[in-house]
Amino acid sequence: MSGAKERMVARAAREIRPGMVVNLGIGLPTRVVNHLAADMPVCLHTENGLSGIGPTLPIDQADRNLIDAGGAYVSTVPGSAFFDSAASFALVRSGRLDMTMLGAFEVAQNGDLANWKIPGRFSPGAGGAIELAQKARRVLVLSTHTDRKGNPKLIENCTLPLTARGCVDRIFTDMAVIDVTPEGFALREIAEGLTLDDVIKATGAPLTLPEGEIPVF
Amino acid sequence: MSGAKERMVARAAREIRPGMVVNLGIGLPTRVVNHLAADMPVCLHTENGLSGIGPTLPIDQADRNLIDAGGAYVSTVPGSAFFDSAASFALVRSGRLDMTMLGAFEVAQNGDLANWKIPGRFSPGAGGAIELAQKARRVLVLSTHTDRKGNPKLIENCTLPLTARGCVDRIFTDMAVIDVTPEGFALREIAEGLTLDDVIKATGAPLTLPEGEIPVF
Amino acid sequence: MKLPDKTVPMAEAVARVQDGATVMLGGFGVPGTPFLLIQELLRQGARDLTIVKNDANETGMGVDHLLAEGRVAKLITTHIGLNARAIEMMNDGRIEVEFCAQGILAERIRAGGAGLQAIVTDIGLDTELANGKAKVEVDGKPAMIETALRADAAFIHAAKADPFGNLGYAATARNFNPLMAMAADLVIAEAETVLPLGGLTPDEVHTPGPFVDHVVELAELSEEYDIVRR
Amino acid sequence: MKLPDKTVPMAEAVARVQDGATVMLGGFGVPGTPFLLIQELLRQGARDLTIVKNDANETGMGVDHLLAEGRVAKLITTHIGLNARAIEMMNDGRIEVEFCAQGILAERIRAGGAGLQAIVTDIGLDTELANGKAKVEVDGKPAMIETALRADAAFIHAAKADPFGNLGYAATARNFNPLMAMAADLVIAEAETVLPLGGLTPDEVHTPGPFVDHVVELAELSEEYDIVRR
């Protein structure tokens, strides 16, 4: 993982506050766990039926019946609980999930999120993403700032099928930390070594800038 | 309990077939359990959250947390399971309850049942009766043939608020065994010592009579 | 990471319940009724309450104390036949009573806890419980919409808990408790025993900790929890 | 009374599944997938199946065998991203795929198992998953009706069972299993261990016996149950 991505993940980890119940989506969000302090009072949830995720285990120590939603062999901690898929999403939909971190194909300036379907190319189904995006109390996106072709992922309007409307609160990329506000995207922080112009050029919608110096992460 | 009532209960017990899941309503139906053989393969269900009801216990052996829906202190058998009220009625509504035995204020000749409310006099709420009556695969009524004033409980049309429409399959009283058929009430058996005329007089709707001799219970 | 600690003194937890609140109470008869949380609610004086409970307990127990002190405006329930005061207050118009079929009350609470808006059922369609409820057809068959129920607070009685709020219930004391423990903005669990984290194995947990806000350990049980001698 | 015995040989249980049946399969990825029941279904030859499963397993495992042999007409699922064959067959129109939000699939199955006609939810209202579904308002807010799902048969994988059909699941192998075990006319549970009656305590039971029709003890597990080395 590049230094910029690693710093993005470390920065996102600082959003997690004591007492929270947090679901970390597959991919980059999962890595946030490596940046949490051992004594941090937090409960990690995975939608396939576990609250209190413990460390990921190497294959030779794995329990074949204990995985997270991404298929990684995880472990429990004192106070973990197992439950079925209905209870797992009951927790999500009823407001007991304080935060989720998700990947994105596109985020619109009004907070719309598209992260599950590229028609004609990639339609695996949304899994749990729709409920996580629509119902977590705070939805953070972790993503590269642009796609593989260099096109911006932060845009005025989503072109892909939506996961949920107006759901995204904050976006962490390898270039910036950006909030979704009633006035659209608001730049909060910028990655070390980049200029404001770099970020503006890589963003497909207007950016509100902070007053004074822009914090660096 | 009178001899006629005792024989009614014993007769009703013979409706329970091996392999069934059965819910016995509060009152007379509960007593059916005393007439089941010890090696009878059957599962008794109580709607407050237990499958596999064991014998009722005297107070000095009772577990304060283990009751049936009527408040009796019961026990478990090998293979009993505890569950919550939602799972308990899931079982009832989804067709997993083979039979229920319920009390009645009124049964109409089309199988309508009223057993939960006498407006202005007695309105405690229906508890689980509506779901038991509407969804058990076979609904049996155990009741005295007439009310305390001698008025028939088996009538042409219910006058009281319904528990469920057209739900009753068979009625056991202290006077007779009567089926609900598309043609109305059909007499199947008569209590020892009674005449056909006794039963007809105590019944508030026409009775189809069996061909040949009427079996006695 | 370690899991957060949610143990608090009972008075502090119950103080968050305001006048006019809707409060769910676990229990079916005696088993599972949170008698000591109810006593504390009574002591703190909240009034104009809407109570959601399977039954109204018996005279002199649990919900009946709240009724006797005039704290209850409305009762959402399935059966109040063992509480003559509740029936009398209903008949006199001193409390409003909303009756549900027992399993439908359970499902409405569960739906609230599961973040659903409603369930669709044919239970009670032919009865007066259908009055005033929206009717819909599903696959050509008639049914009705039973809206989800949520509460401002739920009082839960558990046999065992850990500090994170994982709960285990005893025998038929489970009943409505795990459903209500999902369905309120403020979920307070009283527990006969609070074990250290890990004291309940992940498989023993009936209610997962994320649903629970406060855990209160009971020093000892009151007589109300005892076997009822009739 | 004693509780009925529901143990049968696997071939006898699976023989009750007909061509054209809707079959629910437990599991989320490997854990909880009834691989040996699926193998037996494949061996017996039923075709034109509608399969309800969270995912399509991975290539060469579980559901994929049924796909490869052309036994599946329709798949009701949440995510098939790990099975290239399933995606290809969907894109080529060789199978029909109905996608659900994961928790809504769980709730639709649970509703079927709970004898409800439907649930009402706002999940996916703003997405293409809302297309063609009946919309309703609940308390003035928009929502939609998601109909209950039931199946002709459900294949369940349990860690422990008793002869009456009480089931216990291991860790995250629970997932959809207890929901599907309520929601089919024919519920067949394969179990790694079948204990005598009483071997599961009443509190250890995840699926109560009355929901289950047949219990099949597995002599040994196949490689498909093993840890996946990627």
- Message: With a 4.5 angstrom heavy-atom cut-off, is it the side chain or the backbone of C:A148 that approaches chain A, or both, or neither?
- Response: neither

- Task: Looking only at non-hydrogen atoms, find the nearest pair between C:P208 and A:S51 and report the distance.
- Result: CB-OG, 4.2 Å

- Contacting region of C:D5 [heavy-atom separation from chain A under 4.5 Å]: neither

- At their closest point, which heavy atom of C:L3 faces which heavy atom of A:P78, and how far apart are they? CD1-O, 3.4 Å

- Query: Hey, are the side chains of A:R96 and C:V212 touching, using non-hydrogen atoms and a 4.5 Å cut-off?
  - Reply: no

- Task: Take atom CD of A:Q61 as the centre, draw a 6.0 Å sphere, and report whether it contains more than 12 heavy atoms from other residues, nucleotides or ligands.
- Result: yes

- What part of A:S80 lies closer than 4.5 angstrom to a heavy atom of chain C: side chain, backbone, both or neither? both

- Message: Using heavy-atom distances under 4.5 Å, tell me whether A:L50 contacts chain C through its side chain, its backbone, both, or neither.
- Response: neither

- Message: Quick check on the interface: out of C:A111, C:G113, C:G209, who has the most heavy-atom pairs with chain A under 4.5 Å?
- Response: C:G113

- Message: Does anything in residues 158-176 of chain C reach chain A? List residues with heavy atoms under 4.5 Å apart, or say none.
- Response: C:D162, C:F164, C:N166

- Heavy atoms from other residues, nucleotides or ligands near NZ of C:K2 exceed 12 (cutoff 6.0 Å): no

- For A:V42, is it the side chain, the backbone, both, or neither that has a heavy atom closer than 4.5 Å to a heavy atom of chain C? both

- Heavy-atom closest contact (C:P210 atom, A:C43 atom, distance): CG-SG, 4.2 Å

- Does C:L116 reach the side chain of A:R93, with side-chain heavy atoms less than 4.5 Å apart? yes

- Search all heavy atoms of C:P4 against all heavy atoms of A:G19 and return the closest pair with its distance. CG-CA, 3.7 Å

- Looking only at C:D185, C:T207, C:D203, C:L200, most heavy-atom pairs under 4.5 Å shared with chain A are made by C:D203

- Note on the structure: Here the gap from C:T201 atom OG1 to A:F82 atom CZ, rounded to the nearest 0.5 Å, amounts to 8.5 Å

- Looking at A:A87, A:P18, A:P41, which has the largest count of heavy-atom pairs under 4.5 Å with chain C? A:P41

- Task: Please look at A:F83 and chain C and tell me whether the side chain, the backbone, both or neither of the residue comes under 4.5 angstrom of a heavy atom of that chain.
- Result: side chain

